Structure formats: C-alpha cells, structure tokens
Amino acid sequence: MKFAILGSGTGSNAEAILKAYRAGRLGNAVPVGIFCDIPGAKILEHGKTYGVPAVQLDPGPFRTKFSPEREAAWAQAIREAGAEWIVLAGFMRVLKAPLLDAFPGKIINLHPSLLPSFPGLDGIGQAWRWGVAVSGCTVHFVNAALDAGTIIDQAVVRREATDTLETFAQKIHEQEHRLLPDVIRRLSMRA
Ligand code: GRF
C-alpha cells in the first residue's frame, strides 16, 4: 500500500508515520511522498531526514481550498509519485472532486477531537473551552463534508483537574502519534 502524506505545518504526525515505517511498524504500507501547500513548512524537513521525497506545491489563490485546476495538478503529482492512498496529517485545506475522485475511498484524515464533536478548526481548544471530561483524536475516511466521513478509529484522552490547555493538547498529540501509524498499518494489511 503506497501512500502520500499531505500536511501544512510542523509535521509531527508525518514524523511519527515515518518513524514507524523505519521501525518496521507500518505493515505493508510504504510512504512515497510528502506534499505540502505552505512554503518552508517544517513537514518538508522530515522528508529529508527520512529519505522520502517532499515537495511544496502551489494550491492556488484560496486559503482553505484548492483552485480546481491546482487540485487536479496535485492529484496528478500524487499519482505520479506512485501513491494509491492519501493520508492527511495536519493538512489545512478541504478536498473536493479532483482529489476525492482520483482516490475514491482511499483518503484518510486525522482530527484532534472525538468526532462528531468539535469538527473544524482548533478541535482541541473547542473541547477544552466546552469543559469536556474526555476528548481525544479520530482517524476517518475523507468525503466532501468537513470532518464527517466514516470513522476508522479513535483514542480517548481524559482531562485531569491538573491539566492546562497545553498539557491536554500534548496528551492528545501523543495519542495522534500512536493512532495514525497504527491505522495505516491496519489498512495496509487489508488493502
Ligand atoms: C494535528 O493535531 C492534527 O490532528 C490536526 O493538525 C495537527 C497537525 O499537527 N489536523 P502536525 O503538523 O502533524 O504536527
């Protein structure tokens, strides 16, 4: 199962995936490329460290979506890298037909809350401000609706009285770094 990682930021989840691959913990899954929409984003460095080609591509003029032409170009570039699957790891744009149709049922996303609660931006802060006793993270299939595709797996994090937003976020990120590689491994065993 060859897959591409799409991300926009620090890429700590991309790094967790690449570490798992290096350690032989990714089953039959093979990362073939990292694609980023933000020039100079740290995620690009992880490609160098782990020997996986990493490129920044122009997404078009919008902030949270692609232009249709650019999204088609991304789909082509990802295909040309040999990817059959796409893993969204901190990718801050919604996907539409050009990518969804090019990889039907083969795009997954990581979200830092227990969906369907707290979709959209800042899932951790939303849950914190609501005063939840538990939150966590979700890996789900991607469809045209925001953070609403079929859930594959979730991990739960308890908010302790001693937690600050920072420690709460840290615990959620630790679960993300464990859950996402494990879901990729499980998908690769059935793909
Ligand atoms: C993660 O919390 C992920 O759930 C969200 O964006 C964050 C990305 O972090 N979609 P990183 O770039 O992987 O460090």
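In each ligand, atom 1 is the first atom listed, and ligand 1 is the first ligand listed. Everything quoted here is computed from the prediction, not taken from an experiment.
- The shortest side-chain heavy-atom distance between Leu6 and Val87 does not fall under the 4.5 Å cut-off.
- Of all protein heavy atoms, the one closest to atom 12 (O) of ligand 1 is Gly11 N, 2.8 Å.
- In terms of protein heavy-atom proximity, atom 6 (O) of ligand 1 is closest to Gly90 CA, 3.5 Å.
- Here the side chain of Ser135 pairs no donor or acceptor atom with the backbone of Ala127 at under 3.5 angstrom.
- The protein non-hydrogen atom at the shortest distance from atom 9 (O) of ligand 1 is Asn13 ND2, 3.6 Å.
- Looking only at side-chain heavy atoms (C-beta outward), Leu57 and Asp37 stay at 4.5 Å or farther from each other.
- Phe62 carries Lys65 over the face of its six-membered ring, with the cationic atom under 6.0 Å from the centre and within 45° of the normal.
- Nearest to atom 5 (C) of ligand 1 among the protein's heavy atoms is Pro112 CD, 3.9 Å.
- Side-chain atoms of Ser117 never come within 3.5 Å of backbone atoms of Ser113 as a donor-acceptor pair (strictly under, hydrogens ignored).
- Residue contact check: Thr10 has heavy atoms under 4.0 Å from atoms 11 (P), 12 (O), 14 (O) of ligand 1.
- Protein heavy atom nearest atom 10 (N) of ligand 1, with residue, atom name and distance: Leu110 O, 3.2 Å.
- For the ligand labelled ligand 1, residue Gly7 lies outside the 4.0 Å heavy-atom shell.
- When only non-hydrogen protein atoms are considered, atom 2 (O) of ligand 1 lies nearest to Glu176 OE1, 2.9 Å.
- Residues Arg25 and Asp182 are not paired through a salt bridge, judged by the lack of any N-O separation under 4.0 Å between the basic side chain and the carboxylate.
- A salt bridge links Asp153 and Arg186; the closest N-O separation between the charged side-chain nitrogens and carboxylate oxygens is under 4.0 Å.
- Residue His173 places a heavy atom under 4.0 Å from ligand 1.
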